[in-house]
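Contents: one structure, followed by commentary.
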There are 2 protein chains.
Amino acid sequence: MSRWAMVKKSARNPRREGSLSRERIVEASIALLDDGGEDGLTFRALSERLATGAGAIYWHVPNKGELLTAACDAIIARTMNAVAAGASPETTLRDVALGLFDAIDAHPWVGSALMRSPGQLPMVRIIERIGQQVRRLGVQEKAQWAAVGTLLNYILGVGGQNAANGQLARAQEIDRSDFLGSVATAWSALDPGDYPFTRSLADKLRSHDDREDFLAGLDLILSGIRNALPD
Amino acid sequence: MSRWAMVKKSARNPRREGSLSRERIVEASIALLDDGGEDGLTFRALSERLATGAGAIYWHVPNKGELLTAACDAIIARTMNAVAAGASPETTLRDVALGLFDAIDAHPWVGSALMRSPGQLPMVRIIERIGQQVRRLGVQEKAQWAAVGTLLNYILGVGGQNAANGQLARAQEIDRSDFLGSVATAWSALDPGDYPFTRSLADKLRSHDDREDFLAGLDLILSGIRNALPD
DNA sequence: ACCTGAACACCGTTCAAGT
DNA sequence: ACCTGAACACCGTTCAAGT
């Protein structure tokens, strides 16, 4: 017997290649969510993909909700780490927001996972990033929470809507822009007496650019924050 | 046989008292959602409450998603109709927003139902109300969508968070403020090097007033909109 | 310590059959 | 036209039993 074969598996060593771990489960969950949408993640699909039983997954993860939050957190952590440091507070704030927008665009399920886990780690990462820039901006102590909360809730609102649009489009087996087109058509058919404003928006809805609109709203809020700055 | 007994049930007449209708189903759904939260609504609970079979409900309603949207719409319609007319655009806008906040506070499931049905009737009612006031405010045509979208997404974000807080609190069988307290405690335990801002917010979270914070954010956005007004 | 997989208690939705 | 309720194809979660 060679000395290699005699090396004991230390408790500290990485597990054997095929074995389960929280990370492997989270990684597989992300893959499932990315190509099956919000309800692509089931313990049955997961145990098949990981070639194991449902019970094994429960040994590493307490329940489906926490698994979804963990998957969401993996995406958010990457996204926040990718934001360049050193730029002006306003630029950084815009980078954080656009990073989140793009992440949710690429993984629509992140939008609803984020919505459903208030105060949890993914949200904390975002609050921290935004909060530090709001401080650098010179917002007074007691106005900081309002500023951060407003930015956060706006970003969550947009993210949630993007997630919902993606989910509904998927259910009808069309793509997101076709779904928005069908909404636009419905809006055009609204009673002109009751819904003049919404009707007038139908064309806008067909031709708009989500990302640009998102930025416009962000700038509106930033201008409100700047407005309230001391001196 | 009296003449009364001979009166035929005309097709136009209201149905017999106990019979099913879309409205009765929606009304029962609201009751179920109000006291069981987001997953209090099931076809089994509904058919028991209405003393009928699941299939009967499907004759009046296409699926669960549309039933949820219809229940949400009933609440939103009442809420929008309750907003007083005739006040200044800013006051009306605040009334609309506060009305929605209070409605979601009273029926947390409305927050997530709203999030999950973009472009549908409940949302259209809100967009129309907000849009008309934004017009009256004098916002330029091409800036109107950004203004409405920003307000809408902010309101949806807050509503969605309130719904999620309520849902998580319910799952742990505690009330919402106890849930926020537990989040605050978790925030206090965060690494001071990594999360200085979030940590500093923990106390604020314990003592804050959701409704006041909501209004503060709304005013921030309104000030941004005012900023961009022509002349 | 970690994994298996059958079993439990649910879901939403469909559909043959009734009135 | 409207309703019944059993049946279908799923879920998340648990748990005795294995290694």
Side-chain angles (χ1 to χ4, degrees), chain A residues 8-26 28-29 32-33 36-71 109 112-113 116-117 167-168 170-173, chain B residues 8-26 28-29 32-33 36-71 109 112-113 116-117 167-168 170-173:
Chain A
K8 280 193 309 190
K9 199 180 88 182
S10 147
R12 230 180 258 174
N13 276 352
R15 312 183 184 295
R16 68 183 157 85
E17 187 151 9
S19 96
L20 234 40
S21 67
R22 202 175 196 270
E23 301 91 73
R24 284 197 60 215
I25 294 170
V26 167
S29 300
L32 246 21
L33 288 159
E38 292 179 43
D39 32 46
L41 179 64
T42 70
F43 278 82
R44 277 161 182 82
L46 203 48
S47 40
E48 189 178 6
R49 185 177 245 272
L50 293 167
T52 183
I57 296 167
Y58 275 93
W59 201 92
H60 296 273
V61 146
N63 56 52
K64 188 179 177 176
E66 298 220 4
L67 179 52
L68 189 59
T69 300
W109 54 271
S112 49
R116 257 177 275 161
S117 52
Q167 172 79 354
L168 290 181
R170 180 185 294 273
Q172 299 177 226
E173 290 179 328
Chain B
K8 277 195 309 188
K9 197 180 85 180
S10 147
R12 228 180 260 177
N13 275 353
R15 311 183 185 295
R16 70 184 154 85
E17 186 151 9
S19 95
L20 234 39
S21 67
R22 205 178 136 91
E23 300 93 75
R24 283 198 60 216
I25 294 171
V26 167
S29 300
L32 246 21
L33 287 159
E38 292 179 43
D39 33 45
L41 178 64
T42 70
F43 279 82
R44 277 162 182 81
L46 203 48
S47 41
E48 189 179 5
R49 187 178 245 271
L50 293 167
T52 182
I57 297 167
Y58 276 91
W59 201 91
H60 296 273
V61 146
N63 55 51
K64 190 179 176 176
E66 298 221 4
L67 179 52
L68 188 59
T69 300
W109 54 272
S112 50
R116 257 176 276 162
S117 51
Q167 173 79 355
L168 289 181
R170 181 186 293 273
Q172 300 177 225
E173 290 179 327

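- Take Leu168(A) and apply the side-chain contact (heavy atoms from CB on, under 4.5 Å) test, not counting sequence neighbours, and it matches Phe179(A), Pro118(B).
- Taking atom CG on Leu50(B) and atom C1' on dG5(D), their separation rounds to 16 Å, with Å as the unit.
- Looking at residues two or more places apart in sequence or on another chain, you find no side-chain contact (heavy atoms from CB on, under 4.5 Å) involving Ala54(A).
- Atom pair Leu68(A):CG and dG12(D):P shows a separation of 11 Å (rounding to whole Å applied).
- If you take CG on Leu32(B) and CG on Leu50(B), they are separated by 8.5 Å, rounding to the nearest 0.5 Å.
- One can place CZ of Arg22(B) at 19 Å from P of dA1(D), the figure rounded to the nearest angstrom.
- Taking atom CH2 of residue Trp59(A) and atom P of nucleotide dC3(C), one finds them 8 Å apart after rounding to whole Å.
- Leu41(B) comes within contact range of the sugar-phosphate backbone alone, with a heavy-atom separation under 4.0 Å but no base atom that close.
- Atom-to-atom, CG of Leu46(A) to C1' of dC10(D) comes out at 17 Å; the value is rounded to the nearest Å.
- Minimum interatomic distance between Ser19(B) and Arg24(B) (heavy atoms only, all atoms of both residues): O-NH1, 2.8 Å.
- Shown here for Ser47(A) and Gly53(A), the closest heavy-atom pair between the two residues is CB-C, 3.8 Å.
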For DNA chain D, what dot-bracket results from Watson-Crick or G-U pairs at under 3.5 Å, with [ ] for crossers and | for inter-strand partners? ||.|||||...|||||.||
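- Between the C1' atom of dG5(C) and the CD atom of Glu48(A) lies a distance of 14 Å, rounded to the nearest Å.
- Annotation for Gln172(B): atom CD counts as buried by contact number, over 12 foreign heavy atoms lying within 6.0 Å.
- For the side-chain contact (heavy atoms from CB on, under 4.5 Å) test, residues two or more places apart in sequence or in another chain that qualify with Glu66(B) are Pro62(B), Asn63(B).
- Scored by the side-chain hydrogen bond (donor to acceptor under 3.5 Å, both in side chains) test, Ser112(B) finds Glu38(B) as partners (sequence neighbours excluded).
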Which letters describe nucleotides 13-19 of chain D, given B = protein heavy atom under 4.0 Å from base, S = only from sugar-phosphate, - = neither? BBB----
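- Put simply, His60(A) has a side-chain N or O that comes within less than 4.0 Å of OP1 or OP2 on dC3(C).
- Put simply, the side chain of Lys64(A) never gets that close to the backbone of Phe43(A): no donor and acceptor are under 3.5 Å apart.
- Look at the C1' atom in both dA17(C) and dC2(D): the space between them is 13 Å, to the nearest Å.
- Which of dC2(C), dC2(D), dG12(D) sits closest to the side chain of Thr42(A) comes down to dG12(D).
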